[in-house]
Amino acid sequence: MGVAIALIVLVLTYPNLPSLEVLTDYRPKVPLRIYTADGHLIGEFGEERRAVVTIGQVPHVMKNAILSAEDDRFYQHGGIDYLGVARAAVTNLVGGGKRQGASTITQQVARNFFLSSEKTYSRKLYEILLSFKIEHNLSKDQILELYINQIFLGQRAYGFAAAAQIYFGKPLKDISIAEAAMLAGLPKAPSAYNPIVNPKRARLRQQYVLRRMHELGHINDGQYEAALKEPLVLKRELSDYTVHAEFAAEMARQIAADRFPEEVYTRGLKVYTTLLKSEQEAAYLALRKGVLDYDKRHGYRGAESYLDMKDITSDQDEAIDEALQEIPDAGDLLPALVLAADAKQVKVYRKGGEILSLGGEAIKFASRMLDDKAPPNKRLKRGAIIRINKDDKSQWQIVQLPEVESAFVAISPKDGAIHALVGGFDFNRNKFNHVTQAWRQPGSSFKPFIYSAALEKGYTPGSVVADEPITISASETGSQAWTPHNYDGKYEGPMRIRTALAKSKNMVSIRLLQAISPQYAQDYASRFGFDADKHPPYLTMALGAGSVTPWQMVTAYSVFANGGYRVVPYVVREIRDEKNQVIARASEAQAGDESIRAIDARNAFMMDAMLRDVTIYGTAAKASAILKRHDLAGKTGTTNEYVDAWFCGYQISVAACAWMGFDQPKKLGNSETGGAAALPIWIGYMQRALKEVAIETMPQPDGLISSGEGRERNFIYAENVQKEVAVEETPPPLPEQPDLSKPPSD
């Protein structure tokens, strides 16, 4: 009677089972992936992290581990493993409760694609019938391939290829026997056996899988013993790509989402940026070093926080590692717990279980917080959370999370392609992109655009202007009297303007702006991409009192680098679909296209000559000294009270801009000029970017007459050779001025 009922149910139910089209035309949710121009992954966005592989791409060790853990008779049964069911029933009966399941891989595929996880007899019946249907329509390898790509394995990883990358940071083809066993143990309970969250339970599950692989003859005695002893190196930071380009990846994500909003995170789109791996990594490391060097110059601030130690029973207590797992790394700045501390030694527990004893140079930076007189809420003592990293000699040292921020961007002056972009010290801590979003005063890094405007008005690099004190009366300003000063407080009398720019003489810049008028300079600066309304037409414009972003500054300096053309920076070169077909491509404007000319080629050439003086003789002389090149050009910038530090410059193949400051503007510190704080970042990047680039300077364009040599060399427009401009003794009337009591400096 029971058999007859089962047959009736089968006849009535089987024809009504869902279509297997979702399996035969498998289209998994594949995340949006962002790559550098040279093919390195820098970002992945989507609910499911998946990398689809064919069964032929799955190594035998992985297949054997999966079958050993989940379904060792997969290639023998027809969808339901009756021997497995019987074995599980006996085990559960002897064990006095449900201890072992008997779902085959085919049943798991049926469940994952078509059914809910509710535990009812009707759902189990559908699962069995669907398993028969799947086995009837698909080959064993097709079923196993679906399982390998679809199964959830924790950490948002779907499929074993994604899990290998997420847990071990390597492609599936490269995993070891021990790693394969760990991954194969995850489907049973991804959260319970997650090696990052529950390493001990994961280890026990891995040992079970290895034992099954050994019993089934997939590995020999030596392989089994070696796998049991192999230490597993887990990739604990999920955002740890081979290239640090989180800010650029986020920009690319936004562009793709705006263009293809419907299926951007599930369709498997691939976005190729303009970034170059080596240059991006150089920019990241240079910015990090620049910020940490600044931080060291201003002292250690003490413990980051404290862990309550009253329930900690030993230095290897699991609670310590659990607490540290909750504290994210900041790149190579790793959290650690102080176990003991005195003036000579600090004993710390590092995330992952290693205990370190630090002394000498390793604790020198933190020494004032080891003193008994240190503030109780900052002193290093048992329970303090601190940061450590490795120095240039791979020795552990105490460091701290910096409070200051920084930004760096580099582009090709030829077409605006962004080669490197770092929007801040650490994306995971502060996602504000300082390259595109931070509006700051540029200080003296804005002066080149005043000088360029003066050249357009007829000045030449050899024109002489007085570097002497000046006072603008209250009647002239319409507010209060303004007495600006040079950064160093020194005045050198009449000098050529190319010398004045190299030495960043404020008095000369102000007198030039007086002569050409602030209104003209305001309009002229817009040719470089600046917003006129953010640069009011007052004399303070000569000292960079307006507002700019690093994005605007690198755009503007590229005009000097490429001979006078305004290219627009762009970060995405193309977007490809799941079939690798190009579905969107950037339209690039190339320098040389006269429709995008911003300034006369002769003007750009003269500015290039003057800006090279800055890096050879002027405020950025250490650029040429360190890089040993004479084809570098640029300008430092330091705003009033040392609030913002800049260096923007170029070699004709790459233009770049570095900035440093606090998000809530405040003083960086005495002597923290653009040359001290920002220029080292720029140099650090250029050391890599120009490593294999030949020294090359801009060719002199037609229409210029030159005289003199070296620093005395002067250029004059051919048509103006009979009328070189001299500065007027009496400047034109000034427009009404704002409060000028605290202008920017340098």
Using every non-hydrogen atom in the two residues, find where [X] and [Y] come nearest and quote the distance to one decimal.
{"X": "L668", "Y": "G661", "result": "CD2-CA, 3.9 Å"}
{"X": "E672", "Y": "A677", "result": "OE1-CB, 3.8 Å"}
{"X": "V508", "Y": "A466", "result": "CG2-O, 4.0 Å"}
{"X": "V571", "Y": "A248", "result": "CG2-CB, 4.3 Å"}
{"X": "I616", "Y": "S624", "result": "CG1-OG, 3.6 Å"}
{"X": "D38", "Y": "L275", "result": "OD1-O, 3.8 Å"}

Parallel, tilted or perpendicular: which fits the ring planes of [X] and [Y], with parallel below 30° and perpendicular above 60°?
{"X": "F530", "Y": "F449", "answer": "perpendicular"}
{"X": "H298", "Y": "Y294", "answer": "tilted"}
{"X": "Y284", "Y": "H244", "answer": "parallel"}
{"X": "F715", "Y": "F605", "answer": "perpendicular"}

Donor-acceptor pair, side chain of [X] and main chain of [Y], under 3.5 angstrom:
{"X": "R387", "Y": "L333", "answer": "yes"}
{"X": "Q441", "Y": "D644", "answer": "no"}
{"X": "T549", "Y": "Q552", "answer": "yes"}
{"X": "R498", "Y": "M606", "answer": "no"}
{"X": "R496", "Y": "P461", "answer": "no"}
{"X": "Q590", "Y": "G592", "answer": "no"}
{"X": "Q400", "Y": "G299", "answer": "yes"}

From [X] atom [atom1] to [Y] atom [atom2], the distance as rounded to the nearest 0.5 Å:
{"X": "T36", "Y": "H419", "atom1": "OG1", "atom2": "NE2", "answer": "11.5 Å"}
{"X": "D523", "Y": "S517", "atom1": "CG", "atom2": "OG", "answer": "9.5 Å"}
{"X": "S445", "Y": "R440", "atom1": "OG", "atom2": "CZ", "answer": "12.5 Å"}
{"X": "L611", "Y": "M607", "atom1": "CG", "atom2": "CE", "answer": "4.5 Å"}

Answer yes or no: is there a side-chain heavy-atom contact under 4.5 Å between [X] and [Y]?
{"X": "P448", "Y": "F446", "value": "no"}
{"X": "Y491", "Y": "N486", "value": "yes"}
{"X": "C648", "Y": "Y557", "value": "yes"}
{"X": "I516", "Y": "Y459", "value": "yes"}
{"X": "Y565", "Y": "N562", "value": "yes"}
{"X": "I42", "Y": "Y35", "value": "no"}
{"X": "R602", "Y": "Q700", "value": "no"}
{"X": "R429", "Y": "F427", "value": "no"}

Using 4.0 Å as the upper bound for N to carboxylate O, is an ion pair formed by [Y] and [X]?
{"X": "D608", "Y": "R612", "value": "yes"}
{"X": "R301", "Y": "E403", "value": "yes"}
{"X": "R288", "Y": "D332", "value": "yes"}
{"X": "D488", "Y": "K490", "value": "no"}
{"X": "D467", "Y": "K505", "value": "yes"}

Inset, instruction - Answer yes or no on whether K635 is positioned over the face of F647, meaning its NZ or CZ is under 6.0 Å from the six-membered ring centre and within 45° of the axis. - result: no

Donor-acceptor contacts under 3.5 Å from residues 405-416 side chains, at least two apart:
unit_1	atom_1	unit_2	atom_2	d
E405	OE1	F425	N	2.9
E405	OE2	N430	ND2	3.4
S406	OG	W659	O	2.6
S412	OG	K414	N	3.2
S412	OG	D415	OD1	3.4
D415	OD1	A417	N	2.9
D415	OD2	Y570	OH	3.4

Less than 3.5 Å apart, any donor N or O on the side chain of [X] or [Y] sitting next to an acceptor on the other?
{"X": "D631", "Y": "T697", "value": "no"}
{"X": "K447", "Y": "S504", "value": "yes"}
{"X": "Y524", "Y": "S452", "value": "yes"}

Inset, instruction - Assess whether atom CG of D533 is packed by more than 12 heavy atoms of other residues, nucleotides or ligands within 6.0 Å. - result: yes

Inset, instruction - Assess whether atom NZ of K622 is packed by more than 12 heavy atoms of other residues, nucleotides or ligands within 6.0 Å. - result: yes

Legend entry - Selection residues 652-671 - residue pairs positive for salt bridge (charged side-chain N to carboxylate O under 4.0 Å, His left out), sequence neighbours left out: none

Sequence neighbours left out, cut at 3.5 Å: what donor-acceptor pairs do the side chains of residues 682-690 make with other protein atoms?
unit_1	atom_1	unit_2	atom_2	d
W682	NE1	A656	O	3.2
Y685	OH	E279	OE1	2.4

